[in-house]
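These notes concern the structure reproduced below.
Remember, it's 1-based here, ligands and their atoms both numbered in the order they're listed.
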Amino acid sequence: MTRVLILGGTTEASALAATLASNGIAATLSYAGRVSAPRSQPVPIRIGGFGGAAGLVRYMVESGTTHLVDATHPFAATISANAVAAAEASGIPLIALTRKPWQPAPEDRWHPVPDLAAAVADLAGPPRRVMLALGRMHVEAFAAQPQHHYLLRFVDVPDRPPGLPDHHLVVDRGPFTPEGDRDLLRNHRIDLVVCKNAGGAGASAKLTAARELGIAVTMIDRPPLPPRREVESVEAVLDWLGHSAHRGV
Ligand code: 3Y8
Ligand code: NAP
């Protein structure tokens with residue numbers, strides 16, 4: 001009996017959950033509990049950390065999990081490393097459902113940086129109007145460059161105001177649209193967008209809008225992840241499940 005644990009929090013994870021549910025394959029979708037009301041799902045969900053790789057092993061053994069799918073965000077490096085370790089320790093097969101990094105089009109004005117610290121350092125200089133499309137978890141780092149006006153976009157209303165002296169906060173959850181992001185960038189007279197190279201469709205609207213408006217983008221490269229089997233489509237995960245399930249793994 002196939003029983004899938006999906007490590008979720010992305011558009012792809014939700015698409016996989018919907019497909020497994022419609023195929024009658026038992027699955028549970030797991031959220032870290034980063035936001036107040038994660039999206040409802042057509043499969044049972046669980047919310048909260050497992051307690052490291054060992055906790056993940058314990059959860060999978062106790063729940064009778066037969067397959068682990070890491071469909072977390074490319075920047076969720078800790079859980080992805082834990083998934084590789086837990087799969088090795090338990091012998092439960094693992095596949096990652098991920099998305100290719102975005103590549104700039106010829107007309108894009110992207111400036112790639114290796115990590116968040118480099119994105120902060122890159123903002124040294126005269127005041128600008130900057131959209132930080134990074135969510136809530138990394139905003140405080142930009143207090144090192146207080147001279148700018150920051151447009152912030154969070155999923156939830158924060159329990160205390162962000163520590164940036166000059167900011168405007170928008171509370172909204174994606175997926176976003178190019179029209180909506182174009183209006184947002186134009187109405188706030190943004191001249192720089194800072195974002196992670198998340199890939200996928202759920203966060204790309206701001207890049208389309210920036211391209212149309214000729215706005216520069218600081219693109220933060222992904223953190224390194226341990227080697228694991230990776231696919232980029234729900235169909236490929238189904239094949240993998242079908243194949244393994246066929247062998248009774
Ligand atoms: C809790 C679960 C779905 C999944 C939807 C995707 C798309 C919309 C775009 C911008 C960029 C950002 C952020 C973003 C997007 C999808 C996807 C995606 C980026 C939810 C969700 C959870 C989270 C966590 C949240 C982080 C934050 C990151 C906001 C659900 C809505 C910036 C990533 O307030 C916080 O603490 C938010 C934290 C981790 C990154 C950060 O460092 O702050 N996602 N986002 C997951 C959990 O608890 O396990 O409610 O649906 C999911 C989605 N957010 O099923 O439709 O596939 O990625 N999420 C980034 O890409 O840089 C927003 O504003 O343009
Ligand atoms: P992270 O830094 O890789 O993980 C930190 C810890 O959070 C993990 O060690 C684990 O705790 C717990 N955790 C993370 N994802 C989990 C999940 N899906 N289910 C159960 N526990 C989880 O992760 P993160 O960057 O904070 O991301 C948290 C969630 O937000 C993930 O679902 C991710 O897909 C989503 N998300 C993140 C980003 C981003 O920019 N990082 C963007 C979009 C969506 P334990 O060690 O206790 O098990």
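A ring-centre distance under 6.0 Å is found for H188 and H168.
For S14 and Q41, the side-chain atoms include at least one donor-acceptor pair closer than 3.5 Å. The closest side-chain donor-acceptor pair between T72 and S80 falls under 3.5 angstrom. A donor atom on one side chain and an acceptor atom on the other are not found under 3.5 Å apart for H148 and D166. Judged by distance alone, the side chains of T28 and R46 never bring a donor and an acceptor atom under 3.5 Å apart.
Between the choices H73, R136, R34, the shortest heavy-atom distance to atom 60 (C) of ligand 1 belongs to H73.
With a heavy-atom cut-off of 4.0 Å, F176 touches ligand 1 through its side chain alone.
Listed by chain and number, G8, G9, S30, Y31, A32, R34, R46, G48, G49, F50, G51, G52, T72, H73, F75, A76, A77, T78, I79, N82, M137, K196 each place a non-hydrogen atom less than 4.0 angstrom from ligand 2.
Counting only distance, with no hydrogens or angles, the side chain of N23 and the backbone of T19 share a donor-acceptor pair below 3.5 Å.
By the 3.5 Å distance cut-off applied to N or O atoms, A32 is counted among the residues near ligand 1. The shortest N or O to N or O distance between V155 and ligand 1 is not below 3.5 Å.
Evaluated for a side chain to side chain donor-acceptor pair (under 3.5 Å) with R99, the options E230, E12, E232 yield exactly one hit, E12.
For the pair R39 and Y31, the cation does not sit on the ring face, since its NZ or CZ is not both under 6.0 Å from the ring centre and inside 45° of the axis. For the pair R173 and F176, the cation-pi criterion (under 6.0 Å, within 45° of the ring axis) is not fulfilled.
Residue-ligand proximity: P175 is placed with a non-hydrogen atom under 4.0 Å from ligand 1. Proximity of G200 to ligand 1 is not established, as no heavy-atom distance is less than 4.0 Å.
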